[in-house]
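Have a look at the structure below, then the notes.
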Amino acid sequence: MKVEYNKSLKNYNTFGINVKAAEFVEITSEKQLKEVLSKPVDKELFVLSGGSNMLLTRDLDAFVIHIAIKGITIKESNEDFVVITAKGGENWHDFVLHCIENNFGGLENLSLIPGYVGSAPIQNIGAYGVELKDTMVSCEAYELSSGKKHVFSNEECKFGYRNSIFKNEAKGKFIITSVTFKLSKKNHYLNTSYGAIEAALAEQNISNPTIQNISDAVIKIRKSKLPDPLEIGNSGSFFKNPVISKDHFMELQKEFQKIPSYQIDENSIKVPAGWLIEQCGFKGKRWGDAGVHKNQALVLVNYDNASGKEILEVSEKIKATVFDTFKIKLETEVNII
Ligand SMILES: Cc1cc2nc3c(=O)[nH]c(=O)nc-3n(C[C@H](O)[C@H](O)[C@H](O)COP(=O)(O)OP(=O)(O)OC[C@H]3O[C@@H](n4cnc5c(N)ncnc54)[C@H](O)[C@@H]3O)c2cc1C
């Protein structure tokens with residue numbers, strides 16, 4: 001285990017922001033992690049996985065732990081389902097593909113989400129009508145202060161929309177080292193409710209899709225819609241889709257007849273943040289190397305050499321204008337560091 005000093009994190013975050021970590025270590029086993037946690041450190045500990053959900057706005061005067069613990073194990077299996085555990089350092093999409101190859105159903109809609117398995121529970125990753133919480137049984141995590149291992153059940157994780165205990169009372173206190181899922185082996189529950197998936201399957205005349213078909217459709221849609229961080233620095237959706245009251249929505253509808261919406265319950269309506277940002281004229285806008293993607297108003301981008309602060313400034317402008325126009329407070333989905 002080698003500690004590196006003043007390490008550039010440019011290649012460790014999908015925004016491609018060039019900040020430095022005072023100390024940096026790559027952890028490839030739980031034994032190494034326990035060793036690190038057992039030693040007193042004079043710096044704050046910071047966990048970094050795929051760096052696809054963070055905006056780094058400063059050098060980190062921290063001891064950065066990059067989780068690279070690998071391994072996939074089947075814990076239980078019968079005719080109907082499998083209980084499968086992936087270590088925190090596994091690439092999320094590779095794990096999804098592994099499950100699909102083995103005909104384990106439940107994660108196919110979450111294909112091609114960047115990042116690692118260990119960080120997936122942090123914001124309860126979700127896409128195309130499916131969230132991690134739908135199949136996650138439990139996750140194992142080490143408490144930073146005591147070095148003790150704790151198993152969090154699905155319920156204990158207090159999952160919500162892009163939310164969990166790890167973004168609230170347990171924020172910064174645990175390192176997740178593995179995640180366990182219960183997946184179907186037959187009679188898969190297929191979720192094709194998102195129009196784009198239905199359309200992609202219809203285009204190929206697929207009426208009885210397999211989990212492989214759904215994964216392929218999701219990959220195709222995502223590739224056509226979202227910028228590839230390898231080509232242009234970004235962190236996916238920068239803001240969460242806001243949920244507002246029905247009264248507020250009806251008030252807005254008087255002025256903005258075309259405002260899109262998804263009913264959450266009797267009194268709450270979700271509004272796409274991308275639409276709000278686009279209406280405010282931000283789509284495709286650029287200030288130096290920081291800006292808003294030309295096809296996706298919800299995605300902020302680093303065109304080349306923007307600093308985290310410059311991207312943060314763009315996000316603040318967007319927040320202020322959306323509030324002035326719609327009286328809606330946007331919340332960031334990306335972790336601002
Ligand atoms: C192009 C693109 C598309 C995306 N699409 C989606 C999408 O459809 N749905 C979605 O939900 N998300 C999406 N995201 C966001 C992102 O991929 C997910 O949030 C992903 O789970 C982040 O994983 P990561 O390994 O990169 O985490 P990181 O960015 O490394 O970390 C995120 C946060 O978790 C903490 N953390 C990291 N690892 C651990 C660990 N093992 N234990 C404890 N804390 C940890 C970090 O300190 C940080 O606060 C997208 C991102 C991009 C770039």
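Model, not experiment: these values are computed from the prediction. Note that ligands are numbered from 1 as they come in the structure, with each ligand's atoms numbered from 1 the same way. Quick note: residue numbers are just sequence positions, from 1.
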Checklist entry - Looking at Glu266 and Lys246, does any basic side-chain N land under 4.0 Å from a carboxylate oxygen? => result no

Under a 4.0 Å threshold between the charged nitrogen and the carboxylate oxygen, would Glu30 count as salt-bridged to Lys87? yes

among protein heavy atoms, the one nearest atom 38 (N) of ligand 1 is Ser49 OG, 2.6 Å

Check: Are the aromatic rings of Phe159 and Phe166 close, with centres under 6.0 Å apart?
Finding: no

message = Is there a polar contact, in the sense of an N or O pair closer than 3.5 Å, between Thr14 and ligand 1?
response = no

Less than 4.0 Å between a side-chain N and a carboxylate O, is that true for Lys70 and Glu90? no

ring-ring contact (aromatic ring centres under 6.0 Å, His included) test vs Phe24 passes for just one of Tyr12, Tyr5, Phe46, namely Tyr12

Of all protein heavy atoms, the one nearest atom 27 (O) of ligand 1 is Ser119 OG, 3.3 Å

Discussion item. I'd like to know if Lys317 pairs up with Glu313 as an ion pair, taking the criterion as any Lys NZ or Arg NE/NH1/NH2 lying under 4.0 Å from an Asp or Glu carboxylate oxygen.
Written reply: no

Among Gly50, Cys139, Gly236, closest by heavy atom to atom 2 (C) of ligand 1 is Gly236

query = Has ligand 1 got any nitrogen or oxygen that is less than 3.5 angstrom from a nitrogen or oxygen of Gly126?
reply = yes

**Item:** N-O pairing of Lys148 and Glu143 below 4.0 Å
**Value:** no

Check: Does Lys319 count as lying over the ring of Phe239, i.e. NZ or CZ under 6.0 Å from the six-ring centre, within 45 degrees of the axis?
Finding: no

| Do any nitrogen or oxygen atoms of Pro114 come within less than 3.5 Å of a nitrogen or oxygen of ligand 1? | yes

Which side-chain N or O atoms in residues 225-234 pair as donor and acceptor under 3.5 Å with protein atoms at least two apart or in another chain?
unit_1 : atom_1 : unit_2 : atom_2 : d
Asp228 : OD1    : Leu230 : N      : 2.9
Asn234 : OD1    : Gly236 : N      : 2.8
Asn234 : ND2    : Pro227 : O      : 3.2
Asn234 : ND2    : Ile232 : O      : 3.0

Heavy-atom proximity to atom 18 (C) of ligand 1 ranks first, among Gln123, His93, Arg222, His66, for Gln123

Near Ser235 (heavy-atom distance under 4.0 Å), the atoms of ligand 1 are 51 (C), 52 (C), 53 (C)

What one should report as the nearest heavy-atom pair of Ser111 and Val96 is OG-CG1, 3.7 Å

Heavy-atom contact check, 4.0 Å cutoff: does Glu131 meet ligand 1? no

Residue, atom and distance of the protein heavy atom nearest atom 14 (N) of ligand 1 read Ile113 CG2, 4.2 Å

Ranked by distance from atom 43 (C) of ligand 1, the top protein heavy atom is Phe174 O, 3.3 Å

re atom 28 (P) of ligand 1, the protein heavy-atom contact at minimum distance is Gly51 N, 3.5 Å

Among non-hydrogen protein atoms, atom 1 (C) of ligand 1 lies closest to Asn234 OD1, 3.5 Å

Check: of Ile337, Leu110, Ile176, Leu132, min heavy-atom distance to atom 40 (C) of ligand 1 comes from Ile176

Counting from 1 in the order shown, the ligand 1 atoms closer than 4.0 Å to a non-hydrogen atom of Ile175 are 42 (N), 43 (C)

- Query: Do Phe104 and Phe81 have ring centroids that are under 6.0 Å from one another?
  - Reply: no

- [ ] Answer yes when Asp289 and Arg286 have at least one side-chain N-carboxylate O distance shorter than 4.0 Å, and no when they do not.
- [x] yes

Taking only non-hydrogen atoms of Gly115 and a 4.0 Å limit, the atoms of ligand 1 in range are 23 (O), 24 (P), 25 (O), 26 (O)

Ranked by distance from atom 29 (O) of ligand 1, the top protein heavy atom is Asn53 N, 2.9 Å

Closest to atom 45 (C) of ligand 1 by heavy-atom distance, out of Val334, Ile122, Asp228, Val64, is Ile122

the protein heavy atom lying closest to atom 48 (C) of ligand 1 turns out to be Met54 CE, 3.7 Å

If you compare Ile336, Val47, Ile125 by their heavy atoms, the one closest to atom 35 (C) of ligand 1 turns out to be Val47

Q.
Under 4.0 Å between a side-chain nitrogen and a carboxylate oxygen: does that hold for Glu331 and Lys240?
A. yes

Looking only at distance, does Asn124 have an N or O less than 3.5 Å from an N or O of ligand 1? no

